Amino acid sequence: MRRVYFDHSSTTPLDPAAAGEMAPYFTEFFGNPSSFHYFGRGVRKAVEEAREKVAGAIGADPREIVFTSGGTESVNMAIEGIAQANQKKGNHIITCAVEHHCSLNTCKSLAKKGFEVTFLPVDSYGMVSVDDIAAAITDRTVLINIMHANNEVGTIQPVAEIGRLARERGVYFHSDACTSFGRVPVNVDDLGVNLLSLSAHKIYGPKGAGALYLRKGTRWQPLFHGGAQERMRRSGTENVPAIIGFGKTAELAAAGLEHEITYLTGLRDKIIREVIGRFDNIRLTGHPEKRTPNLASFCFEFIEGESMLLHLDMQGVAASSGSACTSGSLEPSHVLTSMGIPPEVAHGSLLLTLGKNNTEEDVDYFLAVLPPIIERLRDMSPLCHYDHCEVEEDCITCTARK
Amino acid sequence: MRRVYFDHSSTTPLDPAAAGEMAPYFTEFFGNPSSFHYFGRGVRKAVEEAREKVAGAIGADPREIVFTSGGTESVNMAIEGIAQANQKKGNHIITCAVEHHCSLNTCKSLAKKGFEVTFLPVDSYGMVSVDDIAAAITDRTVLINIMHANNEVGTIQPVAEIGRLARERGVYFHSDACTSFGRVPVNVDDLGVNLLSLSAHKIYGPKGAGALYLRKGTRWQPLFHGGAQERMRRSGTENVPAIIGFGKTAELAAAGLEHEITYLTGLRDKIIREVIGRFDNIRLTGHPEKRTPNLASFCFEFIEGESMLLHLDMQGVAASSGSACTSGSLEPSHVLTSMGIPPEVAHGSLLLTLGKNNTEEDVDYFLAVLPPIIERLRDMSPLCHYDHCEVEEDCITCTARK
Amino acid sequence: MYSEKVMDHFSNPRNVGEIPDADGIGEVGNPTCGDIMKIFIKVKDGVIDDIKFKTFGCGAAIATSSMVTELVKGKTIDEALKISNKTVAEALDGLPSKKMHCSNLAADALHKAIEDYRNRSKK
Amino acid sequence: MYSEKVMDHFSNPRNVGEIPDADGIGEVGNPTCGDIMKIFIKVKDGVIDDIKFKTFGCGAAIATSSMVTELVKGKTIDEALKISNKTVAEALDGLPSKKMHCSNLAADALHKAIEDYRNRSKK
Ligand SMILES: Cc1ncc(COP(=O)(O)O)c(C=O)c1O
Ligand SMILES: Cc1ncc(COP(=O)(O)O)c(C=O)c1O
């Protein structure tokens with residue numbers, strides 16, 4: 001059966017060039033980079049080269065890069081580390097409703113510990129308002145935490161404006177760039193961030209590596225206590241092969257960005273155009289223009305996401321409905337409901353995230369298998385006879401009210 | 001040049017069988033185990049099989065195993081998670097002076113936050129006293145944190161007795177088994193632990209994976225906030241290939257343990273016998289019998305560890321002086337000084353940790369290259385003319401007093 | 001994650017549809033939770049002569065709906081009332097634990113349909 | 001981690017030893033920190049005619065000791081006094097930053113030896 005992977009927001013296949021560079025670091029150059037001897041020294045050098053590559057890809061100084069185990073750790077480290085280290089200045093954090101769970105839940109945990117957290121709303125595109133942020137800042141505010149691009153709807157936040165605001169007001173700014181890096185330009189100075197989180201496995205790198213960009217002079221404290229690795233900022237033996245692979249793919253991501261944007265935008269727009277054209281009672285979620293080039297996201301009314309995914313999977317198409325991390329949950333996506341989408345519609349979300357290996361044929365195949373699935377599920381749905389709904393504007397509401 | 005790796009306490013080469021099992025999970029089975037579709041399902045299954053293997057190797061239930069990024073994370077998660085979750089019961093933690101920095105520094109950080117921490121002393125073998133622990137327990141004690149085997153001197157703590165005590169007194173017990181697992185038997189019921197930390201790269205597994213054993217019913221809270229991975233206990237996309245490799249090597253470690261113990265004890269004892277026999281003004285550090293079978297550790301008086309390591313390295317022998325994680329530090333090892341070894345002697349520590357690939361020839365080579373190095377450095381040392389010291393018992397003290 | 005039986009009933013659900021002149025209709029769930037099951041029954045001489053369902057929901061919701069219709073078709077009302085959500089899940093070789101509570105409501109919908117039938121009969 | 005020059009002076013240290021009838025002896029460091037350097041000088045007509053060292057310490061300690069003896073052998077006392085720890089580190093193509101402060105004390109030992117020599121001369 002044809003297999004089409006449209007779930008690059010969840011994870012990506014490892015780039016073969018990166019796999020090749022990683023290979024010798026498992027069994028041959030296996031040393032601990034902290035070790036003093038021959039086996040450690042070469043490895044230390046390779047880790048530092050990877051650091052330079054990651055730094056280079058986002059316009060940072062290598063000393064500002066801290067390697068972590070992934071995006072979740074980076075984000076936890078960023079938020080918790082700023083909050084704990086700046087308690088003398090204040091205890092207020094500003095974030096927004098559509099952040100990834102690793103941001104949201106870290107903020108919620110801080111709120112439980114007595115920190116004040118403002119969870120700003122977003123508009124119907126999932127966009128936060130810079131004015132709202134400006135209005136929320138108090139002299140107790142220590143951190144603005146707004147992601148770069150949303151992983152479920154692709155909406156790109158006005159990060160550069162937020163960065164400017166943060167600098168003006170003397171507040172630290174962290175942005176979760178796990179799903180924007182490699183898809184749109186990410187430069188720490190252009191974005192004006194003090195901290196930025198990256199995850200290797202979202203950019204064709206290996207699982208098990210991520211980075212926290214930590215601008216020089218940032219008052220921050222580590223999450224892990226232990227050895228002196230990563231210049232005292234992240235204890236624990238470095239995951240050398242993963243770091244090497246991350247370095248390689250960060251370099252590739254930066255070099256190939258322009259081509260990637262053009263190529264994926266083409267495929268994505270075809271999907272959006274065809275799907276929206278083909279079905280009624282469907283909406284595109286996220287911002288129509290300010291979105292990551294590889295992401296097409298929809299809500300199909302009257303049907304439920306999991307059953308769409310199951311049918312697609314039986315046809316060989318791997319897609320997602322909300323964040324992969326939370327696909328085990330039964331709650332409708334917090335991102336979609338924060339955008340004002342009613343829960344019964346949010347349940348019908350379908351998320352397609354493309355990658356560099358996808359082809360026009362993949363797209364055509366998907367576009368061929370999707371319609372019968374939607375029709376079948378809608379036929380089975382008690383929510384509405386959809387041939388009626390075409391005329392009844394408030395169909396959902398009335399059904400829901402019944 | 002002949003290369004002899006005698007630094008297995010720092011890290012180990014990846015087992016080729018594990019590397020083989022990991023290989024397809026990089027580029028072929030690259031899916032996210034949380035994903036619902038074909039690409040995720042197979043990977044989820046493999047992760048669960050790895051969990052069963054790790055659990056099986058330590059006599060645990062697979063649901064009690066939480067995968068982490070390594071030993072440091074496991075230990076931080078264990079201590080911090082118990083301390084934070086049991087504040088209603090109390091805020092007192094008991095640990096000891098020779099723990100790895102990831103334990104010690106986590107405890108110190110808790111002490112700064114207002115928790116009470118008792119750092120128990122150890123005897124001249126680096127052994128903690130069970131009576132001391134019993135005497136230190138109060139009705140506010142929530143955790144006893146004592147490592148299984150020490151990574152610098154190999155001393156094996158009386159963990160099973162501590163486990164019995166902890167159970168009797170209703171206190172949680174965590175043991176850091178990062179350097180004991182794969183070297184001596186580790187069974188969570190025999191040891192009586194509620195929590196136990198493991199690190200894959202110390203047992204011929206990959207860097208980037210570790211585990212926390214969390215006994216059913218333990219009141220504990222996670223360190224990372226985010227997605228629902230690892231049954232809500234460790235957020236973040238799982239490092240699938242590393243977990244697969246960890247599973248394989250945990251299985252191999254358990255299966256090969258008896259042979260490993262016999263084989264390495266033979267090599268280790270030869271080193272100890274020959275080195276102690278060959279030099280004056282030298283001491284074996286750690287317990288003479290209750291020590292890990294792969295570890296030979298000494299202090300050479302009048303000379304300094306780094307210069308020994310440099311010379312050994314020039315001869316192709318990779319060894320260590322104190323923990324690799326702290327080799328960047330200039331402080332004499334806290335483990336050695338806690339055992340009552342004077343700092344000037346502690347500086348002369350040499351640590352040799354053997355592994356399954358080491359041969360008798362490796363040992364002989366080392367025994368051949370060591371003497372000229374020691375003689376040369378002692379000749380250069382202002383601390384003592386060692387041909388005098390042979391007769392003067394208190395040579396060091398007098399020199400130091402000078 | 002799902003058993004083969006679940007996947008069979010999900011991909012080839014039995015008795016999908018509505019019965020325009022149903023003797024009883026039962027509906028459970030609500031769209032906010034992501035599951036709605038609607039069951040239509042036709043009763044003849046105390047026996048469930050025909051049964052159909054419409055379901056909005058996940059794989060488990062669709063499979064349990066389909067299974068419950070198979071289980072009770074041709075059964076007496078009394079026999080049908082003995083069928084619980086647990087019976088349905090077991091007939092499907094089990095459901096993932098997360099789905100047991102939320103999407104395993106088909107028997108409830110059936111019981112509601114029977115209740116509806118009885119209420120109508122009383123009048 | 002160490003430059004080639006450091007490794008050269010570490011593996012082949014120049015002027016190791018003691019001068020039994022030294023004109024000046026300087027010692028810095030202490031064994032607790034892991035570094036002791038002892039420098040012996042022989043002075044003739046205001047010129048350092050012979051110099052030897054004994055060092056307990058890490059690679060940097062040994063290499064800087066060796067280097068300082070090379071730098072000043074045959075130099076006048078005044079020239080020798082101009083040599084600082086920094087000069088020594090530079091002559092070795094630099095030292096790791098951690099070692100700059102702790103193990104780079106050889107010039108201090110030299111200056112102490114010169115001071116000792118001058119004190120003895122005064123008497
Ligand atoms: C926006 C965003 N942030 C953070 C993460 C977490 O990254 P990781 O899975 O590497 O921990 C993800 C991935 O799900 C993400 O999409
Ligand atoms: C006893 C002990 N605990 C914990 C650790 C930390 O493990 P990791 O380097 O995997 O974080 C080590 C490794 O140095 C160790 O020897």
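Fair warning: this is a prediction, and the values are worked out from it, not measured in the lab. Residue numbering restarts at 1 for every chain, and letters A, B, ... go by the order of the sequence lines.
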Side-chain donor-acceptor contact under 3.5 Å, B:Ser10 with A:Asn32: yes
Without hydrogens or angle criteria, can the side chains of B:Ser235 and A:His101 be said to hold a donor-acceptor pair below 3.5 Å? no
Heavy-atom pairs under 4.5 Å with chain B, option from [options] with the top count:
{"options": "A:Leu312, A:Leu309, A:Leu14, A:Val317", "result": "A:Leu14"}
{"options": "A:Gly40, A:Pro33, A:Gly226, A:Ala18", "result": "A:Gly226"}
{"options": "A:Cys107, A:Ser199, A:Gly31, A:Ala242", "result": "A:Gly31"}
{"options": "A:Gly208, A:Pro16, A:Ser103", "result": "A:Gly208"}
{"options": "A:Gly210, A:Cys102, A:Gly70", "result": "A:Cys102"}
{"options": "A:Pro206, A:Gly316, A:Ala318, A:Ala19", "result": "A:Ala318"}

So OH of B:Tyr204 and CZ of A:Phe30: to nearest 0.5 Å the spacing works out to 9.5 Å
If you round to the nearest 0.5 Å, how far is OG1 of B:Thr27 from CG of A:Asp15? 10.0 Å
Looking only at heavy atoms, the pair that brings B:Phe224 and A:Leu223 closest together is CE1-CD2, 3.8 Å
Closest non-hydrogen atoms of A:Lys207 and B:Asn239, given as atom of the first, atom of the second and distance, are O-OD1, 3.2 Å
Should we count OH of A:Tyr38 as having more than 12 external heavy atoms under 6.0 Å? no
Donor-acceptor check, side chain of B:Asn105 to backbone of A:His225, threshold 3.5 angstrom: yes or no? no
With a 6.0 Å cut-off on ring centres, are A:Phe26 and B:Phe26 close enough? yes
Side chain / backbone / both / neither for [X] at chain B, heavy atoms under 4.5 Å:
{"X": "A:Glu28", "answer": "neither"}
{"X": "A:Phe39", "answer": "side chain"}
{"X": "A:Ala209", "answer": "neither"}

Partners passing side chain to side chain donor-acceptor pair (under 3.5 Å) against B:His37 (at least two apart in sequence or in another chain): A:Asp7
Which one of B:Leu310, B:Thr68, B:Leu104, B:Val75 has the most heavy-atom pairs closer than 4.5 Å to chain A? B:Leu310
Side chain, backbone, both or neither of B:Ala319 within contact of chain A (heavy atoms, under 4.5 Å): backbone
Segment of B:Met22 engaging chain A (4.5 angstrom heavy-atom cut-off): side chain
Which salt bridge (Lys or Arg N to Asp or Glu O under 4.0 Å) pairs, counting each pair once, include a residue from residues 98-114 of chain B, with sequence neighbours left out? B:Glu80-B:Lys113
Set out, in order, the CA-CA distance, both residues' side-chain angles and the distance that settles side-chain contact (heavy atoms from CB on, under 4.5 Å) for A:Ser69 and B:Arg234, then state yes or no. CA-CA 12 Å; A:Ser69 69; B:Arg234 203 279 187 180; 3.1 Å; yes
